[in-house]
Student: 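Below is one structure. I have some questions about it.
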Amino acid sequence: MEKLKIAGGYPLKGTVRISGAKNSAVALIPATILADSPVTIEGLPDISDVHILRGLMEEIGGTAKFSNNEMTVDPSSMISMPLPNGKVKKLRASYYLMGAMLGRFKKAVIGLPGGCYLGPRPIDQHIKGFEALGASVTNEQGAIYLRAEELRGARIYLDVVSVGATINIMLAAVRAKGRTVIENAAKEPEIIDVATLLTNMGAKIKGAGTDVIRIDGVDSLHGCKHTIIPDRIEAGTYMILAAAVGEGILIDNVIPQHLESLIAKLKEMGVEVKARDEQVYVGPADQYKSVDIKTLVYPGFPTDLQQPFTSLLTRAEGSSVVTDTIYGARFKHIDELRRMNANIKVEGRSAIITGCGQLQGAKVKASDLRAGAALVIAGLMAEGITEITGLEHIDRGYSHLVEKLNGLGATAWREELSQEEQEQMKNA
Ligand code: EPU
C-alpha cells in the first residue's frame with residue numbers, strides 16, 4: 001500500500017493532457033458484450049476501473065486486450081457466467097453488466113455494486129427499467145438475479161434522473177423486440193458517448209442527450225471502432241487545480257461545452273478562463289471572490305466537481321456555500337480539509353466554507369475518488385508536506401496523476417506505507 005506525498009505551496013504552469021472519460025469507459029466496456037464480433041475502444045484512461053472491467057470481460061469468456069489506451073474486446077465466445085462476488089464488488093459501474101448481459105443472454109447474476117460511498121446509492125430505477133422490459137429481478141444474498149423469456153420494448157419513466165439507470169436501460173433495450181422510450185432520461189455527455197458506440201454497433205437510438213430516448217430493438221449488433229470522449233471531470237479537476245495554484249495552465253483534450261457550469265463559476269470567482277476548440281486556458285485570479293455552488297444534473301454544476309471546488313474556495317474571501325442536491329453525504333473530505341486548517345462546517349446538504357488564508361500540510365485520507373482529488377488540490381495549495389492515503393480511490397479515476405502533476409512543476413511522489421502505517425490503516 002502506498003501514500004501520495006505533495007510538497008505544496010509552489011505555483012504550477014504548463015500543459016496537461018486529459019484522458020478518456022472514466023464514466024464513459026465503465027459503460028462502453030460492458031456495452032461490447034452486446035456485439036457478436038470484436039469492438040475496439042480508443043483513448044481509454046489507464047485507471048483501475050478499466051483494468052478491472054477488462055478482467056471481467058475475460059471472466060465471462062471473452063478476450064480483452066489493453067495497450068496504448070486502446071482495448072479490443074472479442075465478445076463472440078462470452079457466456080452468461082454468474083458474477084455474484086469478486087471483482088464486481090470493487091466498482092460501482094459493474095451494474096452495467098446487468099443491462100448488457102440481460103440484453104445479450106436474457107439472464108445474468110451480478111453482485112450488488114461497490115464503488116465510492118456517497119450516502120445511499122439505490123439502483124431501483126435500473127430495476128424498474130429491466131422489469132418494464134419483461135425481466136424478473138430478484139435480490140438473493142446480495143446478488144441481483146435477472147431473467148427474461150424475451151425482452152420487449154416499453155415506455156419507462158424514470159422517477160429520478162439517473163445516469164446509471166438511463167445507460168443500463170439502453171443496454172438492455174437495444175436488442176429487445178420493438179420500441180423502448182426512456183422518459184426523464186439523464187442528459188450527461190457520457191450517455192451520448194454510449195449511444196454513439198451502440199449506434200456504430202448497429203443499434204437504433206434517437207434522442208440521447210435529451211430527456212426522451214427512443215430505441216428500436218435490433219436482432220444483433222456487430223463490432224466496430226469507437227473513440228471515447230475526454231473526461232470532463234478530470235478536465236474540471238485540473239481547471240480547479242489551475243485556478244487554485246496555477247500561473248497559467250493549458251488543459252488540452254477537453255470539450256469546453258461540457259464544462260460551461262464550471263467555467264461560469266470560475267469566472268464568477270474572478271479566475272481568468274479562456275475556452276478554445278479543444279483546450280481551456282486557466283490563469284490565476286487577482287482576488288478570489290466567494291461563490292455559492294449547487295450541484296445539479298447535467299448541464300448543471302456536477303456533483304463530481306463539488307469536492308475539488310471546495311478546496312479552491314478555501315482561498316476565497318468571505319463565505320461560500322456548496323450544496324449537493326445529488327448526494328446528501330458527499331462531505332467526507334471536509335474533516336480532512338479541516339485538518340489542513342480549512343474553516344468549513346457542514347449543515348445538512350451544504351458545506352459553508354470561510355476563506356482561511358493558508359492551508360497547512362497534514363496527514364489525510366481519501367475516503368472516495370473525488371475526495372481524493374480535493375485533497376490533492378489542497379495539498380498543492382498548502383504550506384509544507386501533505387500525505388494522502390486511500391490512493392486506491394484516486395487510482396480508480398485519475399490516470400497517471402503523479403506524472404501529470406509533476407509535468408506542471410509540482411513535487412509529488414508515491415511512497416510505500418511503513419509497517420506501522422499499514423497496521424494503523426487496518427485498524428482505522
Ligand atoms: N438514484 C436513485 N435510484 C436509482 C439510481 C439513482 O435514487 O436507481 C439517485 C442516486 O441515489 C443519486 C441520484 O439518483 O441521488 C443520481 O444517481 P445516478 O444514478 O445518476 O448516479 P450513478 O449513475 O450511479 C454516475 C457517476 C457518478 C456521478 C453520478 C451523478 C458513473 C459510473 N458514476 O453515478 O460518478 O456522481 O452519475 O452525476 O457514471 C464519480 O465519478 O466520482 C462518480 C461518483
Side-chain angles (χ1 to χ4, degrees), residues 18-31 41 43-45 47 49-50 91-93 95-96 99-100 113 115-116 118 121-123 125-126 129 156-174 182-199 203 205-215 226-237 239 253-265 293-309 324-327 330 369-370 373 396-397:
I18 299 307
S19 302
K22 162 190 167 273
N23 288 344
S24 272
V26 296
L28 296 173
I29 298 168
I41 307 167
L44 286 169
I47 53 175
D49 274 13
V50 162
L91 73 165
R92 171 100 184 135
Y95 53 39
Y96 291 132
C116 294
L118 311 174
R121 298 179 76 181
I123 57 164
Q125 299 303 307
H126 306 229
I156 300 155
Y157 177 85
L158 294 181
D159 303 314
V160 181
V161 180
S162 158
V163 176
T166 303
I167 293 178
N168 232 343
I169 296 168
M170 277 194 330
L171 295 174
V174 281
I182 310 174
E183 293 174 325
N184 201 26
K187 295 183 278 201
E188 270 70 358
E190 292 75 20
I191 291 160
I192 304 178
D193 203 21
V194 177
T196 305
L197 170 73
L198 292 169
T199 304
I205 304 174
K206 284 195 183 131
T210 77
D211 57 6
V212 181
I213 302 179
R214 291 184 177 78
I215 301 157
H226 176 80
T227 304
I228 194 169
I229 56 168
D231 194 315
R232 66 194 165 97
I233 305 301
E234 189 199 16
T237 304
M239 285 164 64
N253 192 34
V254 195
I255 299 177
Q257 289 75 10
H258 290 172
L259 286 152
E260 276 170 357
S261 56
L262 173 65
I263 292 173
K265 280 294 162 185
I293 298 280
K294 191 181 262 190
T295 69
L296 292 169
V297 295
Y298 187 82
F301 194 93
T303 170
D304 297 339
L305 290 176
Q306 172 265 104
Q307 293 158 294
F309 207 87
D324 199 320
T325 70
I326 313 287
Y327 298 114
R330 203 169 196 177
L369 171 59
R370 309 300 171 190
R396 288 192 36 230

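Starting from 1, each residue takes its place in the sequence as its number. FYI, side chains are in, hydrogens and waters are out, and symmetry mates aren't considered; it's all heavy atoms of this structure.
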Student: What's the verdict on side chain to side chain contact (heavy atoms under 4.5 Å, CB included) for Thr237 and Gln307, showing C-alpha distance, side-chain angles and the deciding distance?
Tutor: CA-CA 10 Å; Thr237 304; Gln307 293 158 294; over 6 Å; no
Student: Write down the atom of Ile228, the atom of Ala21, and the distance for their closest heavy-atom approach.
Tutor: CD1-O, 3.3 Å
Student: Could you pull out the closest heavy-atom pair between Pro308 and Arg370, with the gap in Å?
Tutor: CD-O, 3.9 Å
Student: For the residue pair Leu198 and Leu171, establish whether any side-chain heavy-atom pair is separated by less than 4.5 Å.
Tutor: yes
Student: Evaluate the side-chain proximity of Ile213 to Thr166: yes if any heavy-atom separation is below 4.5 Å, no if none is.
Tutor: yes
Student: Enter the distance from Lys265:NZ to Phe309:CZ here, rounded to the nearest 0.5 Å.
Tutor: 7.5 Å
Student: Side-chain contact, heavy-atom cut-off 4.5 Å: Tyr95 with Arg121?
Tutor: no
Student: Which heavy atom of Ile326 sits nearest a heavy atom of Val297, and at what distance?
Tutor: CD1-N, 3.8 Å
Student: Within the structure provided, determine whether Met170 and Ile191 are in side-chain contact (heavy-atom separation under 4.5 Å).
Tutor: yes
Student: Kindly write out the residues that satisfy side chain to side chain donor-acceptor pair (under 3.5 Å) with Asp324, not counting sequence neighbours, or none if the list is empty.
Tutor: Thr295, Thr303, Gln306
Student: Kindly indicate, with the supporting measurements, whether the criterion side chain to side chain contact (heavy atoms under 4.5 Å, CB included) is fulfilled by Arg232 and Asp304.
Tutor: CA-CA 10 Å; Arg232 66 194 165 97; Asp304 297 339; 5.6 Å; no
Student: Going from OH on Tyr298 to CG on Leu296, what distance comes out if it is rounded to the nearest 0.5 angstrom?
Tutor: 13.0 Å
Student: Roughly how far, to the nearest 0.5 Å, is CD of Glu183 from CD1 of Ile156?
Tutor: 9.5 Å
Student: If you look at every heavy atom in Ile18 and Ala235, which pair is closest and at what distance?
Tutor: CD1-CA, 3.7 Å
Student: Enter the distance from Ile192:CD1 to Thr199:OG1 here, rounded to the nearest 0.5 Å.
Tutor: 11.0 Å
Student: To the nearest 0.5 Å, how far apart are CD1 in Ile182 and CG in Asn184?
Tutor: 11.0 Å
Student: Run through Asn168, Leu91, Ile29 and flag the one making a side chain to side chain contact (heavy atoms under 4.5 Å, CB included) with Tyr96.
Tutor: Asn168
Student: Can you name the residues that form a side chain to side chain donor-acceptor pair (under 3.5 Å) with Thr210, not counting sequence neighbours?
Tutor: none
Student: Let me know which of Asn23, Ile41, Val50 forms a side chain to side chain contact (heavy atoms under 4.5 Å, CB included) with Leu28.
Tutor: Ile41
Student: Salt bridge between Asp49 and Arg396, side-chain N to carboxylate O under 4.0 Å?
Tutor: yes
Student: Give the C-alpha distance, both sets of side-chain angles, the deciding distance and a yes or no for side chain to side chain contact (heavy atoms under 4.5 Å, CB included) between Ile263 and Met239.
Tutor: CA-CA 9 Å; Ile263 292 173; Met239 285 164 64; 3.6 Å; yes
Student: Enumerate donor-acceptor pairs with a distance under 3.5 Å from any side-chain N or O in residues 254-261 to protein atoms, sequence neighbours excluded.
Tutor:
unit_1 : atom_1 : unit_2 : atom_2 : d
Ser261 : OG     : Gly300 : O      : 3.4

Student: Taking NZ, NE, NH1 and NH2 as the nitrogens, is one of them in Lys22 or Glu190 under 4.0 Å from a carboxylate oxygen of the other?
Tutor: no
Student: When you look at Leu158 and Ile169, which way does the side chain to side chain contact (heavy atoms under 4.5 Å, CB included) test go after all the steps?
Tutor: CA-CA 10 Å; Leu158 294 181; Ile169 296 168; 3.7 Å; yes
